[in-house]
Number of protein chains: 2
Amino acid sequence: MPEARISTPKARGEETRARIVEAAIETLKREGFGGASARAIARTGGFNQALVFYHFGSVRELLLAALDETSARRMARYREVVDGAGNLQELIAAATEVYREDLASGHIKVLAEMIAGASSMPELGPEIVRRIEPWIDFATDAIARVSATLPFPVPVPPEDAAFGIVALFLGVELLTHLEGDGIRSDRLFELGSQLAAMAALLFGTLPASGKGGE
Amino acid sequence: MPEARISTPKARGEETRARIVEAAIETLKREGFGGASARAIARTGGFNQALVFYHFGSVRELLLAALDETSARRMARYREVVDGAGNLQELIAAATEVYREDLASGHIKVLAEMIAGASSMPELGPEIVRRIEPWIDFATDAIARVSATLPFPVPVPPEDAAFGIVALFLGVELLTHLEGDGIRSDRLFELGSQLAAMAALLFGTLPASGKGGE
DNA sequence: GTCTATACTTGGATAGAC
DNA sequence: GTCTATCCAAGTATAGAC
(Lines give C-alpha, C1' and ligand atoms only; values in the text may rest on other atoms or scores of the structure.)
Protein backbone atom coordinates (compact mmCIF):
# COMPACT_ATOMS: atom_id res chain seq x y z
CA MET A 1 0.00 0.00 0.00
CA PRO A 2 2.40 2.68 -1.13
CA GLU A 3 0.25 5.78 -1.05
CA ALA A 4 -2.87 7.38 0.19
CA ARG A 5 -4.08 8.13 -3.28
CA ILE A 6 -5.16 5.14 -5.25
CA SER A 7 -3.29 6.25 -8.29
CA THR A 8 -2.15 9.59 -9.52
CA PRO A 9 -2.90 10.45 -13.15
CA LYS A 10 0.77 10.28 -13.84
CA ALA A 11 1.12 6.82 -12.35
CA ARG A 12 -1.80 5.59 -14.38
CA GLY A 13 -0.19 6.88 -17.52
CA GLU A 14 3.05 5.11 -16.73
CA GLU A 15 1.20 1.94 -15.99
CA THR A 16 -0.56 2.01 -19.32
CA ARG A 17 2.67 2.72 -21.09
CA ALA A 18 4.12 -0.36 -19.49
CA ARG A 19 1.13 -2.46 -20.49
CA ILE A 20 1.50 -1.31 -24.06
CA VAL A 21 5.19 -2.13 -24.15
CA GLU A 22 4.44 -5.52 -22.68
CA ALA A 23 1.83 -6.20 -25.33
CA ALA A 24 4.23 -5.08 -28.03
CA ILE A 25 6.90 -7.51 -26.83
CA GLU A 26 4.38 -10.29 -26.68
CA THR A 27 3.09 -9.57 -30.16
CA LEU A 28 6.57 -9.32 -31.64
CA LYS A 29 7.35 -12.73 -30.20
CA ARG A 30 4.19 -14.41 -31.38
CA GLU A 31 3.54 -12.74 -34.70
CA GLY A 32 6.83 -11.24 -35.69
CA PHE A 33 7.63 -7.81 -37.00
CA GLY A 34 5.15 -8.04 -39.83
CA GLY A 35 2.38 -8.98 -37.46
CA ALA A 36 3.12 -6.31 -34.90
CA SER A 37 0.67 -3.65 -36.01
CA ALA A 38 -0.88 -1.15 -33.64
CA ARG A 39 -4.13 -3.04 -33.92
CA ALA A 40 -2.61 -6.44 -33.25
CA ILE A 41 -0.70 -5.11 -30.26
CA ALA A 42 -3.84 -3.48 -28.87
CA ARG A 43 -5.69 -6.74 -29.29
CA THR A 44 -2.95 -8.59 -27.43
CA GLY A 45 -3.00 -6.16 -24.54
CA GLY A 46 -6.73 -5.58 -24.48
CA PHE A 47 -6.54 -1.83 -24.87
CA ASN A 48 -7.44 0.70 -27.49
CA GLN A 49 -5.40 1.04 -30.62
CA ALA A 50 -5.26 4.82 -30.38
CA LEU A 51 -3.30 4.57 -27.14
CA VAL A 52 -0.27 3.45 -29.05
CA PHE A 53 -0.17 6.77 -30.83
CA TYR A 54 -1.00 8.81 -27.78
CA HIS A 55 1.81 7.30 -25.74
CA PHE A 56 4.44 6.58 -28.37
CA GLY A 57 3.59 8.67 -31.39
CA SER A 58 4.05 5.81 -33.82
CA VAL A 59 4.26 2.05 -34.00
CA ARG A 60 7.92 2.38 -34.84
CA GLU A 61 8.71 4.17 -31.61
CA LEU A 62 6.72 1.62 -29.66
CA LEU A 63 8.63 -1.26 -31.17
CA LEU A 64 11.91 0.38 -30.27
CA ALA A 65 10.68 0.92 -26.73
CA ALA A 66 9.75 -2.76 -26.64
CA LEU A 67 13.23 -3.71 -27.78
CA ASP A 68 14.74 -1.46 -25.13
CA GLU A 69 12.67 -3.06 -22.44
CA THR A 70 13.33 -6.69 -23.27
CA SER A 71 16.97 -5.88 -23.90
CA ALA A 72 17.38 -4.24 -20.50
CA ARG A 73 15.73 -7.17 -18.75
CA ARG A 74 17.81 -9.78 -20.46
CA MET A 75 21.00 -7.83 -20.04
CA ALA A 76 20.42 -7.76 -16.29
CA ARG A 77 19.89 -11.49 -16.31
CA TYR A 78 22.94 -12.20 -18.48
CA ARG A 79 25.15 -10.12 -16.22
CA GLU A 80 23.86 -11.95 -13.19
CA VAL A 81 24.76 -15.32 -14.61
CA VAL A 82 27.78 -14.56 -16.75
CA ASP A 83 29.63 -12.44 -14.23
CA GLY A 84 29.82 -15.46 -11.97
CA ALA A 85 31.72 -17.44 -14.58
CA GLY A 86 35.42 -17.59 -13.84
CA ASN A 87 36.72 -19.67 -16.71
CA LEU A 88 35.88 -20.79 -20.19
CA GLN A 89 33.77 -23.79 -19.32
CA GLU A 90 31.81 -21.87 -16.76
CA LEU A 91 31.23 -19.10 -19.27
CA ILE A 92 29.95 -21.51 -21.86
CA ALA A 93 27.76 -23.22 -19.29
CA ALA A 94 26.39 -19.87 -18.16
CA ALA A 95 25.77 -18.61 -21.68
CA THR A 96 24.06 -21.85 -22.59
CA GLU A 97 21.78 -21.64 -19.61
CA VAL A 98 20.71 -18.05 -20.23
CA TYR A 99 20.41 -18.57 -23.93
CA ARG A 100 18.05 -21.47 -23.33
CA GLU A 101 15.92 -19.14 -21.27
CA ASP A 102 16.00 -16.70 -24.16
CA LEU A 103 14.85 -19.21 -26.69
CA ALA A 104 11.91 -19.95 -24.45
CA SER A 105 11.24 -16.36 -23.38
CA GLY A 106 11.54 -15.03 -26.90
CA HIS A 107 13.87 -12.15 -26.24
CA ILE A 108 16.22 -12.97 -29.07
CA LYS A 109 13.25 -13.54 -31.29
CA VAL A 110 12.25 -9.94 -30.72
CA LEU A 111 15.74 -8.82 -31.61
CA ALA A 112 15.95 -10.96 -34.72
CA GLU A 113 12.54 -9.81 -35.92
CA MET A 114 13.49 -6.20 -35.43
CA ILE A 115 16.71 -6.63 -37.37
CA ALA A 116 15.02 -8.39 -40.25
CA GLY A 117 12.15 -5.93 -40.14
CA ALA A 118 14.54 -3.02 -40.46
CA SER A 119 14.98 -3.97 -44.12
CA SER A 120 11.53 -2.69 -44.89
CA MET A 121 11.84 0.26 -42.50
CA PRO A 122 15.31 1.64 -43.05
CA GLU A 123 15.02 4.38 -40.43
CA LEU A 124 15.03 1.57 -37.91
CA GLY A 125 18.51 0.42 -38.86
CA PRO A 126 20.68 2.88 -36.93
CA GLU A 127 18.42 2.64 -33.89
CA ILE A 128 18.81 -1.10 -33.78
CA VAL A 129 22.54 -0.94 -34.33
CA ARG A 130 22.78 1.28 -31.26
CA ARG A 131 20.85 -1.28 -29.26
CA ILE A 132 22.96 -4.23 -30.34
CA GLU A 133 26.30 -2.68 -29.61
CA PRO A 134 25.96 -3.11 -25.83
CA TRP A 135 25.46 -6.82 -26.40
CA ILE A 136 28.59 -7.16 -28.48
CA ASP A 137 30.47 -5.15 -25.89
CA PHE A 138 29.13 -7.34 -23.14
CA ALA A 139 30.18 -10.50 -24.93
CA THR A 140 33.56 -8.97 -25.71
CA ASP A 141 34.21 -8.24 -22.04
CA ALA A 142 33.12 -11.67 -20.91
CA ILE A 143 35.32 -13.37 -23.48
CA ALA A 144 38.29 -11.18 -22.71
CA ARG A 145 37.86 -11.91 -19.04
CA VAL A 146 37.92 -15.68 -19.36
CA SER A 147 40.60 -15.58 -22.01
CA ALA A 148 42.90 -14.10 -19.43
CA THR A 149 42.37 -17.14 -17.20
CA LEU A 150 43.63 -19.59 -19.79
CA PRO A 151 47.12 -20.98 -19.36
CA PHE A 152 48.21 -19.86 -22.80
CA PRO A 153 47.85 -16.80 -24.99
CA VAL A 154 44.60 -16.89 -26.91
CA PRO A 155 44.83 -16.22 -30.63
CA VAL A 156 41.25 -14.99 -30.74
CA PRO A 157 40.48 -11.26 -30.60
CA PRO A 158 37.59 -11.04 -28.13
CA GLU A 159 35.62 -8.58 -30.23
CA ASP A 160 35.69 -10.91 -33.21
CA ALA A 161 34.59 -13.85 -31.13
CA ALA A 162 31.87 -11.70 -29.59
CA PHE A 163 30.54 -10.76 -33.00
CA GLY A 164 30.50 -14.42 -33.91
CA ILE A 165 28.67 -15.44 -30.77
CA VAL A 166 25.99 -12.79 -31.16
CA ALA A 167 25.55 -13.80 -34.79
CA LEU A 168 25.35 -17.45 -33.83
CA PHE A 169 22.69 -16.76 -31.22
CA LEU A 170 20.64 -14.82 -33.73
CA GLY A 171 20.93 -17.54 -36.33
CA VAL A 172 20.08 -20.32 -33.92
CA GLU A 173 17.07 -18.32 -32.86
CA LEU A 174 15.83 -18.05 -36.43
CA LEU A 175 16.24 -21.74 -37.11
CA THR A 176 14.94 -22.93 -33.79
CA HIS A 177 11.72 -20.99 -33.87
CA LEU A 178 11.26 -21.99 -37.47
CA GLU A 179 11.53 -25.67 -36.74
CA GLY A 180 9.45 -25.46 -33.61
CA ASP A 181 11.52 -27.67 -31.38
CA GLY A 182 14.83 -26.86 -29.74
CA ILE A 183 16.50 -30.19 -30.21
CA ARG A 184 19.15 -29.08 -32.64
CA SER A 185 20.14 -26.06 -30.62
CA ASP A 186 20.31 -28.21 -27.51
CA ARG A 187 22.71 -30.51 -29.25
CA LEU A 188 24.74 -27.60 -30.51
CA PHE A 189 25.19 -26.14 -27.05
CA GLU A 190 25.98 -29.54 -25.69
CA LEU A 191 28.69 -29.81 -28.29
CA GLY A 192 29.98 -26.37 -27.35
CA SER A 193 30.51 -27.39 -23.76
CA GLN A 194 32.24 -30.59 -24.73
CA LEU A 195 34.63 -28.80 -27.02
CA ALA A 196 35.34 -26.19 -24.40
CA ALA A 197 36.14 -28.88 -21.87
CA MET A 198 38.31 -30.65 -24.38
CA ALA A 199 40.15 -27.52 -25.38
CA ALA A 200 40.84 -26.57 -21.79
CA LEU A 201 42.09 -30.05 -21.02
CA LEU A 202 44.22 -30.20 -24.09
CA PHE A 203 45.68 -26.74 -23.93
CA GLY A 204 45.92 -26.82 -20.20
CA THR A 205 48.35 -29.70 -20.39
CA LEU A 206 50.49 -28.13 -23.04
CA PRO A 207 53.55 -26.06 -22.28
CA ALA A 208 51.98 -22.65 -22.09
CA SER A 209 54.73 -20.86 -23.92
CA GLY A 210 57.11 -22.46 -26.31
CA LYS A 211 54.93 -24.27 -28.73
CA GLY A 212 52.66 -21.37 -29.47
CA GLY A 213 51.14 -20.20 -32.72
CA GLU A 214 52.93 -17.50 -34.68
CA MET B 1 6.11 -30.40 -81.77
CA PRO B 2 6.94 -27.34 -83.85
CA GLU B 3 9.29 -24.91 -82.23
CA ALA B 4 11.09 -22.97 -84.94
CA ARG B 5 8.89 -19.95 -84.17
CA ILE B 6 10.61 -17.04 -82.55
CA SER B 7 8.59 -17.32 -79.43
CA THR B 8 5.68 -19.56 -78.71
CA PRO B 9 3.01 -18.33 -76.33
CA LYS B 10 4.26 -20.87 -73.89
CA ALA B 11 7.82 -19.62 -74.09
CA ARG B 12 6.66 -16.07 -73.55
CA GLY B 13 4.81 -17.14 -70.47
CA GLU B 14 7.86 -18.87 -69.10
CA GLU B 15 9.95 -15.83 -69.81
CA THR B 16 7.58 -13.58 -67.91
CA ARG B 17 7.48 -16.00 -65.05
CA ALA B 18 11.24 -15.80 -64.85
CA ARG B 19 11.18 -12.02 -64.92
CA ILE B 20 8.72 -11.97 -62.07
CA VAL B 21 10.80 -14.34 -60.00
CA GLU B 22 13.86 -12.22 -60.68
CA ALA B 23 12.07 -9.09 -59.56
CA ALA B 24 10.85 -10.85 -56.44
CA ILE B 25 14.39 -11.87 -55.49
CA GLU B 26 15.62 -8.36 -56.10
CA THR B 27 12.86 -6.83 -54.02
CA LEU B 28 13.35 -9.26 -51.17
CA LYS B 29 17.02 -8.33 -51.09
CA ARG B 30 16.50 -4.61 -51.19
CA GLU B 31 13.33 -4.14 -49.19
CA GLY B 32 13.01 -7.29 -47.16
CA PHE B 33 10.01 -9.50 -46.59
CA GLY B 34 7.84 -6.66 -45.38
CA GLY B 35 8.60 -4.62 -48.46
CA ALA B 36 8.04 -7.41 -50.93
CA SER B 37 4.46 -6.69 -51.90
CA ALA B 38 3.04 -7.60 -55.29
CA ARG B 39 3.04 -3.93 -56.16
CA ALA B 40 6.63 -3.34 -55.07
CA ILE B 41 7.82 -6.39 -56.98
CA ALA B 42 5.96 -5.28 -60.09
CA ARG B 43 7.58 -1.86 -59.81
CA THR B 44 11.01 -3.46 -59.53
CA GLY B 45 10.48 -5.60 -62.60
CA GLY B 46 8.56 -3.06 -64.62
CA PHE B 47 5.50 -5.21 -65.19
CA ASN B 48 1.91 -5.25 -64.11
CA GLN B 49 0.97 -6.17 -60.60
CA ALA B 50 -1.82 -8.49 -61.72
CA LEU B 51 0.72 -10.75 -63.41
CA VAL B 52 1.89 -11.94 -60.03
CA PHE B 53 -1.51 -13.43 -59.37
CA TYR B 54 -1.97 -14.76 -62.85
CA HIS B 55 1.32 -16.63 -62.80
CA PHE B 56 1.67 -17.55 -59.15
CA GLY B 57 -1.76 -17.25 -57.60
CA SER B 58 -0.52 -15.32 -54.58
CA VAL B 59 2.42 -13.30 -53.35
CA ARG B 60 3.22 -16.10 -50.95
CA GLU B 61 3.71 -18.60 -53.74
CA LEU B 62 5.84 -16.15 -55.66
CA LEU B 63 8.12 -15.57 -52.70
CA LEU B 64 8.60 -19.30 -52.30
CA ALA B 65 9.40 -19.60 -55.99
CA ALA B 66 11.94 -16.83 -55.54
CA LEU B 67 13.52 -18.68 -52.65
CA ASP B 68 13.66 -21.86 -54.72
CA GLU B 69 15.37 -20.07 -57.55
CA THR B 70 18.06 -18.29 -55.56
CA SER B 71 18.58 -21.41 -53.48
CA ALA B 72 19.11 -23.58 -56.54
CA ARG B 73 21.58 -21.12 -58.01
CA ARG B 74 23.61 -20.79 -54.89
CA MET B 75 23.57 -24.50 -54.23
CA ALA B 76 25.10 -25.08 -57.64
CA ARG B 77 27.79 -22.57 -56.88
CA TYR B 78 28.49 -23.95 -53.41
CA ARG B 79 28.85 -27.46 -54.77
CA GLU B 80 31.22 -26.25 -57.43
CA VAL B 81 33.52 -24.64 -54.91
CA VAL B 82 33.10 -26.85 -51.88
CA ASP B 83 33.40 -30.17 -53.64
CA GLY B 84 36.92 -29.21 -54.60
CA ALA B 85 37.96 -28.88 -50.98
CA GLY B 86 39.92 -31.88 -49.76
CA ASN B 87 40.66 -30.94 -46.19
CA LEU B 88 39.51 -28.69 -43.39
CA GLN B 89 41.44 -25.58 -44.33
CA GLU B 90 40.39 -25.84 -47.93
CA LEU B 91 36.80 -26.30 -46.88
CA ILE B 92 36.90 -23.21 -44.70
CA ALA B 93 38.60 -21.24 -47.43
CA ALA B 94 36.00 -22.38 -49.95
CA ALA B 95 33.07 -21.66 -47.64
CA THR B 96 34.47 -18.24 -46.86
CA GLU B 97 34.82 -17.39 -50.49
CA VAL B 98 31.32 -18.44 -51.45
CA TYR B 99 29.81 -16.90 -48.39
CA ARG B 100 31.43 -13.57 -49.25
CA GLU B 101 29.75 -13.79 -52.61
CA ASP B 102 26.50 -14.46 -50.84
CA LEU B 103 26.76 -11.46 -48.61
CA ALA B 104 27.23 -9.35 -51.70
CA SER B 105 24.70 -11.15 -53.88
CA GLY B 106 22.08 -11.18 -51.17
CA HIS B 107 21.08 -14.81 -51.36
CA ILE B 108 21.29 -15.40 -47.64
CA LYS B 109 19.48 -12.17 -47.08
CA VAL B 110 16.55 -13.58 -49.02
CA LEU B 111 16.64 -16.69 -46.88
CA ALA B 112 16.88 -14.79 -43.60
CA GLU B 113 14.05 -12.47 -44.57
CA MET B 114 11.85 -15.39 -45.49
CA ILE B 115 12.54 -17.12 -42.19
CA ALA B 116 11.83 -14.03 -40.15
CA GLY B 117 8.82 -13.24 -42.29
CA ALA B 118 7.37 -16.67 -41.65
CA SER B 119 6.51 -15.49 -38.14
CA SER B 120 3.76 -13.32 -39.52
CA MET B 121 2.75 -15.87 -42.14
CA PRO B 122 2.81 -19.21 -40.37
CA GLU B 123 1.82 -21.26 -43.42
CA LEU B 124 5.24 -20.34 -44.77
CA GLY B 125 7.05 -22.14 -41.97
CA PRO B 126 6.94 -25.74 -43.19
CA GLU B 127 7.68 -24.67 -46.75
CA ILE B 128 10.81 -22.88 -45.65
CA VAL B 129 11.92 -25.73 -43.44
CA ARG B 130 11.76 -27.99 -46.47
CA ARG B 131 13.96 -25.57 -48.36
CA ILE B 132 16.58 -25.26 -45.66
CA GLU B 133 17.06 -28.94 -45.08
CA PRO B 134 19.08 -29.46 -48.27
CA TRP B 135 21.49 -26.81 -47.03
CA ILE B 136 22.00 -28.48 -43.70
CA ASP B 137 22.44 -31.80 -45.47
CA PHE B 138 24.94 -30.26 -47.82
CA ALA B 139 26.95 -28.79 -44.97
CA THR B 140 26.73 -32.09 -43.11
CA ASP B 141 28.20 -33.99 -46.02
CA ALA B 142 30.98 -31.51 -46.58
CA ILE B 143 31.94 -31.57 -42.92
CA ALA B 144 31.79 -35.33 -42.72
CA ARG B 145 33.96 -35.58 -45.78
CA VAL B 146 36.77 -33.41 -44.48
CA SER B 147 36.46 -34.84 -40.99
CA ALA B 148 37.47 -38.16 -42.43
CA THR B 149 40.70 -36.65 -43.74
CA LEU B 150 41.84 -35.54 -40.31
CA PRO B 151 44.53 -37.62 -38.63
CA PHE B 152 42.45 -38.13 -35.50
CA PRO B 153 38.85 -38.97 -34.69
CA VAL B 154 36.73 -35.85 -34.62
CA PRO B 155 34.51 -35.39 -31.59
CA VAL B 156 32.06 -33.28 -33.57
CA PRO B 157 28.93 -34.84 -35.05
CA PRO B 158 28.79 -33.40 -38.58
CA GLU B 159 25.07 -32.69 -38.45
CA ASP B 160 25.46 -30.61 -35.31
CA ALA B 161 28.33 -28.65 -36.76
CA ALA B 162 26.30 -28.17 -39.95
CA PHE B 163 23.40 -26.75 -38.00
CA GLY B 164 25.78 -24.39 -36.27
CA ILE B 165 27.36 -23.25 -39.51
CA VAL B 166 24.05 -22.55 -41.19
CA ALA B 167 22.89 -20.66 -38.11
CA LEU B 168 26.13 -18.68 -38.03
CA PHE B 169 25.79 -17.73 -41.66
CA LEU B 170 22.25 -16.54 -41.10
CA GLY B 171 23.21 -14.52 -38.06
CA VAL B 172 26.20 -12.94 -39.74
CA GLU B 173 23.96 -12.01 -42.62
CA LEU B 174 21.52 -10.25 -40.32
CA LEU B 175 24.22 -8.28 -38.56
CA THR B 176 26.25 -7.49 -41.65
CA HIS B 177 23.41 -6.06 -43.67
CA LEU B 178 22.26 -4.17 -40.63
CA GLU B 179 25.58 -2.47 -40.10
CA GLY B 180 26.11 -1.83 -43.77
CA ASP B 181 29.75 -2.81 -44.03
CA GLY B 182 31.23 -6.29 -44.00
CA ILE B 183 34.26 -5.56 -41.90
CA ARG B 184 33.28 -7.61 -38.92
CA SER B 185 32.29 -10.63 -40.92
CA ASP B 186 35.55 -10.39 -42.85
CA ARG B 187 37.46 -10.48 -39.61
CA LEU B 188 35.39 -13.37 -38.37
CA PHE B 189 36.09 -15.50 -41.40
CA GLU B 190 39.72 -14.56 -41.26
CA LEU B 191 39.73 -15.80 -37.71
CA GLY B 192 38.05 -19.01 -38.77
CA SER B 193 40.78 -19.82 -41.23
CA GLN B 194 43.48 -19.08 -38.72
CA LEU B 195 41.93 -21.32 -36.12
CA ALA B 196 41.45 -24.09 -38.65
CA ALA B 197 45.08 -23.87 -39.65
CA MET B 198 46.13 -23.86 -36.03
CA ALA B 199 43.94 -26.80 -35.13
CA ALA B 200 45.20 -28.83 -38.02
CA LEU B 201 48.78 -28.04 -37.13
CA LEU B 202 48.27 -28.76 -33.50
CA PHE B 203 46.24 -31.92 -33.81
CA GLY B 204 48.24 -33.09 -36.74
CA THR B 205 51.37 -33.24 -34.62
CA LEU B 206 49.74 -34.96 -31.70
CA PRO B 207 50.06 -38.68 -31.24
CA ALA B 208 46.60 -39.51 -32.45
CA SER B 209 46.48 -42.96 -33.96
CA GLY B 210 49.86 -42.46 -35.41
CA LYS B 211 51.20 -39.64 -37.49
CA GLY B 212 48.62 -39.17 -40.13
CA GLY B 213 48.53 -36.03 -42.15
CA GLU B 214 50.93 -33.72 -43.71
C1' DG C 1 -5.95 9.49 -20.43
C1' DT C 2 -8.94 6.80 -22.93
C1' DC C 3 -12.42 5.74 -26.36
C1' DT C 4 -15.15 6.21 -30.89
C1' DA C 5 -15.20 7.52 -35.35
C1' DT C 6 -13.09 8.41 -39.35
C1' DA C 7 -9.74 10.10 -43.08
C1' DC C 8 -6.32 8.33 -45.71
C1' DT C 9 -3.07 4.80 -47.62
C1' DT C 10 -1.39 0.47 -49.13
C1' DG C 11 -1.89 -4.11 -50.29
C1' DG C 12 -4.13 -8.70 -51.91
C1' DA C 13 -6.90 -10.27 -55.13
C1' DT C 14 -10.39 -10.61 -59.07
C1' DA C 15 -13.20 -9.26 -63.37
C1' DG C 16 -13.22 -8.14 -67.73
C1' DA C 17 -11.36 -5.56 -71.67
C1' DC C 18 -7.83 -6.08 -75.05
C1' DG D 1 -0.99 -13.34 -71.49
C1' DT D 2 -1.29 -8.77 -70.17
C1' DC D 3 -3.44 -4.49 -68.69
C1' DT D 4 -7.06 -1.35 -66.46
C1' DA D 5 -10.22 -0.83 -63.10
C1' DT D 6 -11.96 -1.95 -58.97
C1' DC D 7 -13.32 -4.21 -54.52
C1' DC D 8 -12.18 -5.19 -49.95
C1' DA D 9 -9.36 -5.74 -45.88
C1' DA D 10 -6.03 -3.94 -42.87
C1' DG D 11 -3.05 -0.53 -41.31
C1' DT D 12 -1.39 4.35 -39.65
C1' DA D 13 -2.74 8.22 -37.79
C1' DT D 14 -5.72 12.11 -36.10
C1' DA D 15 -9.90 14.64 -34.20
C1' DG D 16 -12.88 15.11 -30.90
C1' DA D 17 -16.12 13.26 -27.47
C1' DC D 18 -16.03 11.56 -22.81
Side-chain angles (χ1 to χ4, degrees), chain A residues 5-24 27-28 30-66 113-114 117-124, chain B residues 5-24 26-28 30-66 113-114 117-124 127:
Chain A
R5 295 216 197 299
I6 318 187
S7 72
T8 65
K10 182 151 198 175
R12 260 194 83 198
E14 281 309 305
E15 200 191 308
T16 304
R17 248 186 100 91
R19 275 183 63 207
I20 297 175
V21 168
E22 211 53 53
T27 310
L28 272 170
R30 283 207 327 257
E31 311 190 38
F33 184 87
S37 66
R39 287 169 139 96
I41 293 168
R43 221 176 299 130
T44 300
F47 50 80
N48 193 285
Q49 169 254 149
L51 288 181
V52 166
F53 302 96
Y54 176 78
H55 284 284
F56 295 90
S58 69
V59 174
R60 212 197 74 168
E61 289 305 311
L62 168 57
L63 295 182
L64 287 173
E113 284 290 332
M114 290 291 284
S119 295
S120 44
M121 237 191 213
E123 331 85 76
L124 230 48
Chain B
R5 301 270 163 259
I6 325 241
S7 76
T8 64
K10 183 155 200 172
R12 260 193 82 197
E14 282 309 306
E15 200 191 307
T16 304
R17 249 187 99 92
R19 275 182 64 207
I20 297 175
V21 168
E22 211 53 54
E26 193 52 34
T27 310
L28 272 171
R30 284 207 327 258
E31 312 189 38
F33 184 86
S37 67
R39 288 168 141 97
I41 294 169
R43 219 176 300 129
T44 300
F47 50 80
N48 194 284
Q49 168 253 152
L51 287 181
V52 166
F53 302 96
Y54 175 79
H55 284 284
F56 296 91
S58 69
V59 174
R60 212 196 74 167
E61 290 304 311
L62 168 56
L63 295 182
L64 287 172
E113 285 290 331
M114 291 291 284
S119 295
S120 43
M121 236 190 214
E123 329 86 77
L124 230 48
E127 299 295 330

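Just so it is clear: chains get the letters A, B, ... in the order the sequence lines come, proteins before strands, and each one is counted from 1.
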What is the distance from [atom1] of [X] to [atom2] of [N], rounded to the nearest Å?
{"X": "L62(A)", "N": "dG11(D)", "atom1": "CG", "atom2": "C1'", "result": "15 Å"}
{"X": "R39(B)", "N": "dT14(C)", "atom1": "CZ", "atom2": "C1'", "result": "12 Å"}
{"X": "L63(B)", "N": "dG11(C)", "atom1": "CG", "atom2": "C1'", "result": "13 Å"}
{"X": "R60(A)", "N": "dA13(D)", "atom1": "CZ", "atom2": "C1'", "result": "15 Å"}

With heavy-atom distances below 4.5 Å as the criterion, would you say the side chains of L64(B) and M114(B) are in contact?
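Contact flag for L64(B)/M114(B) side chains = yes.
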T16(B) vs Y54(B) side-chain heavy atoms within contact, under 4.5 Å
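The answer is no, as the side chains (C-beta and beyond) never meet within the 4.5 Å cut-off.
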Partners passing side-chain contact (heavy atoms from CB on, under 4.5 Å) against A24(B) (at least two apart in sequence or in another chain)
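If we apply the side-chain contact (heavy atoms from CB on, under 4.5 Å) test to A24(B), skipping adjacent residues, the hits are I41(B), L62(B), A66(B).
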Identify, with sequence neighbours excluded, every residue that meets salt bridge (charged side-chain N to carboxylate O under 4.0 Å, His left out) alongside E127(B).
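Here the qualifying residues are R130(B), R131(B).
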Write down the atom of F56(A), the atom of E61(A), and the distance for their closest heavy-atom approach.
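Closest approach of F56(A) to E61(A): O-CB, 3.3 Å.
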If only atom types and distance count, is the side chain of E113(B) paired as donor or acceptor with the main-chain N or O of G32(B) below 3.5 Å?
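Absent.
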Residue-phosphate contact under 4.0 Å: T16(A) side-chain N/O, dT2(C) OP1/OP2:
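Checking T16(A) against dT2(C): at least one side-chain N or O falls below 4.0 Å of OP1 or OP2.
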Mind listing the residues from residues 43-56 of chain A sitting with a heavy atom below 4.0 Å of DNA chain C? Number order is fine.
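By residue number: N48(A), A50(A), L51(A), Y54(A), H55(A).
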